[in-house]
Amino acid sequence: MTEDAKAAKERYKSTVLLPKTDFPMKAGLQEREPALQQHWDATNLYGQIRKARAGAKPWVLHDGPPYANGDAHTGTGMNKILKDMVVKFRTMQGYDSPYVPGWDCHGLPIEHKMLEELGGTLPEGTTALQLREKCLEYANKWIDTQRNQFKSAGVLGRWAQPYLTTNPLYEANVLRVFRELMARGFITRAKRSVHWSWAAKSALAEAELEYEDRTDPSVYVRFPVSSCGKDCKFREMVEARDDAAEVWKSLALLIWTTTPWTLPANVAVAAHDKAEYVLVRYTRGGKREYMVMAEALLKSVAEKAKLADVQVLETFRGEVLRGVGYSHPFLDTACPLVFADYVTLEDGTGLVHTAPGHGKEDFETGKRERLPVVCPVDESGKFFVGERLRKDLGVSTTFEDTRGWLKMLEGQNVFKANPLIVNKLREEGWLLHDEPVHHSYPHCWRTHTPVIFRATEQWFVQVDHVDPDKTLNPQAKTLRQRLLDEIAASRWFPAWGQKRISSMVENRPDWCVSRQRYWGIPIPAFADAHGQVVCDPELLDHVIALVEKHGSNVWFDDANWPVEKLLPEKLRGRKLTKLTDIFDVWFEAGSSFQAVMRADPELAGKGLAEGNRAPHAAMYLEGDDQHRGWFQVSLILSVATTGVSPFRDCLTSAFVVDEKGEKGSKSKGNIWAIDKGVKDLGADLIRLYFASMNTSEPIPVTYKLIQNHGETYRKLRNTWRGLVGNLFDFDPARHMLPRNELLPIDQWALSQCAATVEAVTAAWERYEFHVAMRALHDFANVTLSAQYMDLRKDSLYCDAATSKQRRSAQTAYWVIADTLTRLLAPVLAHTVEDMWQHLPGKDRPASAHLAHWPTLQGWLHREPALDERFELLLKLKAETDRVLDRLRKEKKVGKGYDTAVSLGANAEGLEWLGKLGTPEHLTSLLPEMLNVSAVGFDPSTDHAALQGYEPAADIRGLWLKVTESAEQDCVRCFRRTGDVGRITAHPHLCTRCASVVEGT
RNA sequence: GCGCCGGUAGCUCAGCUGGUUAGAGCACACGCCUGAUAAGCGUGAGGUCGGCGGUUCGAGUCCGCCCCGGCGCACCA
C-alpha cells in the first residue's frame, strides 16, 4: 500500500461505522451478580412480577421443602435452580406463577443433633419444651443460611415469607389433614410389627430406611419335635416305620435365620403346604440324628453342615406336617407348626422361624394363627426377659432358667446378643451349622444403625381403606386404587416416573405415621384409665384451634397447658393422660398441599382446576428419590382427603454426582455449598451448566466441568455483544423497517430466529432444558456468529448510516438481540438484566424477568423458501471456503476480499445454480455471500479440463477457481470491486464508499 | 435375583416412525484477519454408533442374548 493510500485509509476510518457498546465483553459475574441481586431486593422485583401478573392464569410450582439442616449443596442448589428456571419460563409466558419456598424443620436429624449437644439424652431437669426450643432455634439458623445460599444462585421467590413446617398455621393444617383422614376412616392405631430404630428409639417408615451392607450370622437350628396332634399325618407316617422310636428320640425341625436375636421371641415354625419335605437321617459328630426340612434345600445344607451318612427316609408334601408341634429350645414352651405362602425354597430350609413380634410377615401369620406377639426388646434395642416375657410366651410358672438363657440375654443389645445366642445354641447342641452371611440390610437413614422389627402400638394410614364418601369416592375404590388412578392422570417427566411410583404404591404397606420423639407435631390423642385411646374429630378440632393460635408447643408445655385445657368441652373432667407420639416428618411435608397450596393466602385459589376436579399445583419438581418420599406421601394425603393428586406435572431430576459418577457426600469431599460455587464460578455459569445437562441422567458436578461451559457462556455473551454493538445509532421506535421491506438475508435471519424460538419453547414445554440450550447455542454460534453476522458486517460498517440496507440489518439485529435476551432469561438470570439495559429502546419493562416469552407472531415467523435458499448459498460458501483455505495455507492469499471466485458448471451444475438465480444476478449477489470481492462465470463447457478449476466436493456439476484479485482494494471497505477510483474526488475508494463518504 | 433408564468423536449432546459417505458445538491441530480484538473467520484430524447374533435389499435406528454404568424393587425368615 502506498503512503498516500495509508493516509487515505486513516482519513476515511472515522466514516466507518464500527460497533460500539458499553456491554462488557468480560462478564465479571462474581461482582455483578451480588449487585444485581441487591437491586432486585431493593426494587422488590419479585413483588413487581406478582403485580404484573395479577389476575393472569395461575401456574404454580409448589416447592418441596428441603431439610433445614446444613448447607445447601450442589444437589439442593440444582433443584432450586431448575425450579427457578421453570417458574421464570412460565412467568414469561404470562402465567401468574408465584414461588413460595419452604423448609422442612421438624424431625430426627435436628433433634438428634441437639440431644448430642446435651450429652446424648435429655438431661435431668431439661424439659421436652426446652429441647424443642433449641431445635427451633437451630432450624431457623439454617433456614437463614440456606435462604441466602439459594438467593445467591439467582433464585427469585417469596423469600421474606417462606412456608415453614414449624409455623403454627402449617402445624394446624397438618392436623387438619389428620382429622380429615380420621373422619374418613383411614386412621387406625394398632399393635403391629414395624421398622424400629433402636438408636433413634422410634418407629421408622419405609422412606426412612437405607440399605447398607452388613454381615450377620446365618444359623441353622434344630427345633426339637415334641408332640404331634391326634390326626397328624406326619405322626402316622413316622409311627409306621420300624425305627419310629429312634426317630422320635432325636427328631427336629430344621430352621434357618440370619437374626438369631429373634429366636427368643419364636412362637411358631412356618412351612409351605405344597412344597416337598423330607425326613432325613444323618450323622453329625459321630451321633445319628433325624430332622425335617425341604427336599430342595437338603443338598446344600448337608454340604454346608458337613453331614455324614445323609439318608432320606421319607418324602412328603408340606401339608403332611399339619399338627406337628415342637418345643422352644430355650424355654421348653410348646409351639405349633403353621403354614404360610411366603415360605420359599431359595434359601434356608423351607421351615421358617416365626416371631410375630419381630417381622412383618411373621406378624401377619401370627395374627391369622392367633399366635402370641412376643417382643422382649425395649425401645433401645435391649432385651428385657423378666416376668413379662415369661407371661408373653406362656412359659410355665415352674420354669426355671436353669440353663441361663434369660440371664444371658437380660439387658443385652440385640445385635450384641447374636454371637452369645449362637455360641449357646452350639454348646447345647441345637446348632446344626453357622456361617457369616454378607447382605444388604435396612438401616436407619439418620443414625446409620441396623433397624429391627418390633411390635408396638402405632398409628397407621390404611392404604386399602375404602372411603365411604360417595362424593369423593363414587366408585367405592380402595385408596391404593385411587392413588394409581391419580398417578395415571398426572404427567410424569421423564415418563418412566409413572411406572416407578405406580409399582411402589401397588406394593406399599400401610403407612406408620407415628414416631416416639419430641421434635415434631404431636398426634393429639389421650388414653383413659383402661388404656383405651381417645381421639376423634371433635377432640382434634379443639386441639387444632389451640395449635393454630399457640403452636404445637401446647402439647409439650405441661405447666401452661395441662391436659384439662387441651380437652374439648365434652371430655373435660375425664381422667385422661396425653399420648406422646408425634407425626412422621413425611406426614408433615406430605401435608403441604393443604398447609401451603390451599391455605396460604397468596396461593389459595391458584391451583390448576381441570374439569370438576379439585384444584392442585401445576408442578412438583424434586430429585427422583422422592418417588418413594415426598411425591408418594403427598399423593396419599391429598388423594385421601381431596380425591385428587396434589400436582398435575411431576418433574424429576437425577442425583448430582462427582466426575467418577459417585454420589456426593461430605465425607468424600466431593460436595460443596452452592454459594461457594457461585462465588468462585458465577451463578449464571452454574445455571447454564445445569440447564445444559440432561438432568434425567446422573449429573456430574465439578468446578472443571462447569468451567468447561465457560466457553459456551462467553460465546453467547459475545455474540449478543456483537449484535448490540451495531445498534449504537439505532432506535427501534424510529428506525425499524417494516418486516416485509427487509433484505432477504435479514428476513432469513429472522426466520432462523423464529425456528429457534420454536425449538426452545418446545423443549421448555417438555422440560428438556439441555435441548433448549443446545438450540440456543447453535443459533448463536453458527447461524449468527459464523454465518449471518459475518456476512452483514460490510453493510453495517460501510453502508450509509441511514441506508435501507443498514437499517434492514439493524432491524433484524435488534429483534434477534431482544429475542435472544428473552430466551436466555430463565437460565442466565443475571446476565440478561445487563443485556436488557444495553438494548436500545425504551418501551420495555424494567427487568427482563418482567418481559414476555417470544412467540411466533409479528416479527418472528418461518420463511421456508428463504431457509432453503440460504442453505444452498451456505453450501456454496463451504465449497469456496475449502479452496480458499488451501490457498491461504499455500501463502497465496490472505483474506477473502483479496480473492475472486470463478464458477464453472455443466448442465447439472447450471441447474443447481439456477435455483439461486440467473448468472447476472449471482455475480452481484454472491460476493457478499461468499465474503469475496468478485464472482464470475466461465463460459467454457469442459471445466474438468480447464486449468486451475477443481470440482466442488458436495455439489455435482460445479467447478470452482479461486484466484488473487487483480483489482485495487478500497481503503475503506477493503473490497476489490473493480471500481476503485472511478469517482475522481476519492481515488482510493470504491464507488459505494465514495458516495457514502460524500453523503455524510 | 427382577424391573427401568442409559452406553454415538477427549467433553456436552443431536440423530423422528429403519434408507444416500453417522452429525453439531466445545476442546485439539493448522491457518486467516487485526474494523466484535483477552474478540472474529476458515480448514482439518478424531467415531468398529458397548459386544455378539438375527430380521431386512438396507440397522446407530427393529428383535434376541451378553457386557458396562446408574437407579428402583426385593433380598424375608
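Note on naming: letters A, B, ... go to the chains in the order of the sequence lines (proteins, then strands), and numbering restarts at 1 for each one.
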Rounded interatomic separation in angstrom, taking [atom1] from [X] and [atom2] from [N]:
X	N	atom1	atom2	answer
A/His777	B/A27	NE2	P	9 Å
A/Arg766	B/C16	CZ	C1'	11 Å
A/Gln632	B/G72	CD	C1'	12 Å
A/Ile699	B/C71	CD1	P	12 Å
A/Leu716	B/C26	CG	C1'	12 Å
A/Glu964	B/C32	CD	P	14 Å
A/Phe631	B/G72	CZ	P	14 Å
A/Gln626	B/C71	CD	P	16 Å

Please check if atom CZ in A/Arg956 has more than 12 non-hydrogen atoms from other residues, nucleotides or ligands closer than 6.0 Å. no
Around atom CD of A/Glu435, are there more than 12 heavy atoms of other residues, nucleotides or ligands at under 6.0 Å? yes
Tell me, which stems hold RNA chain B, with a stem being 3 or more Watson-Crick or G-U pairs in a row and both distances under 3.5 Å? B:1-7 with B:67-73, B:10-13 with B:23-26, B:28-32 with B:40-44, B:50-54 with B:62-66
Pair [X] + [Y]: basic N to acidic O under 4.0 Å:
X	Y	answer
A/Glu711	A/Arg714	yes
A/Asp729	A/Arg806	yes
A/Asp954	A/Lys875	no
A/Arg992	A/Asp794	yes
A/Glu928	A/Lys793	no

Expected output: side-chain A/Arg222 to main-chain A/Trp430 donor-acceptor under 3.5 Å: no
What are the two closest non-hydrogen atoms of A/Leu484 and A/Ser502, and how far apart are they? CD2-O, 3.6 Å
Show the numbers, then the answer: is there a side chain to side chain donor-acceptor pair (under 3.5 Å) between A/Asn266 and A/Tyr326? CA-CA 11 Å; A/Asn266 174 279; A/Tyr326 69 95; 2.3 Å; yes
Considering only atom [atom1], compute the distance from [N] to [M] and round it to an integer number of Å.
N	M	atom1	result
B/G19	B/G70	P	33 Å
B/U12	B/G50	P	15 Å
B/A29	B/G10	P	16 Å
B/G23	B/A9	P	14 Å
B/A27	B/C13	C1'	14 Å
B/C4	B/G47	P	34 Å
B/G25	B/U37	C1'	22 Å
B/C16	B/G53	P	24 Å

Report yes or no: is the cationic atom of A/Lys895 (NZ for Lys, CZ for Arg) closer than 6.0 Å to the six-membered ring centre of A/Phe974, at no more than 45° off its axis? yes
Could I get a table of every N or O pair under 3.5 Å where one atom is in the protein and the other is in nucleotides 11-13 of chain B?
residue: B/C13; atom: OP1; partner: A/Asn694; partner atom: N; Å: 2.8
residue: B/C13; atom: O3'; partner: A/His770; partner atom: NE2; Å: 3.4
residue: B/C13; atom: O2'; partner: A/Arg774; partner atom: NE; Å: 3.0
residue: B/C13; atom: O2; partner: A/Arg774; partner atom: NH1; Å: 3.3

Just checking [X]: base, sugar-phosphate only, or nothing, at a heavy-atom cut-off of under 4.0 Å?
X	value
A/Ser503	nothing
A/Val782	sugar-phosphate
A/Gly894	sugar-phosphate
A/Trp256	base

Compute the centroid of each ring, for A/His358 and then for A/Trp261, and state whether the two points are separated by less than 6.0 Å. yes
Between A/Thr259 and B/C76, is there a side-chain N or O to OP1/OP2 distance below 4.0 Å? no
So, does A/Arg628 get its side chain near the phosphate of B/C73, meaning an N or O under 4.0 Å from OP1 or OP2? yes
What class does the angle between the rings of A/Phe453 and A/His195 fall in, given that below 30° is parallel, 30 to 60° is tilted and above 60° is perpendicular? tilted
In B/S/- notation (B base, S sugar-phosphate only, - none; protein heavy atoms under 4.0 Å), nucleotides 34-44 of chain B written 5' to 3' is SBBSSSSSBBS
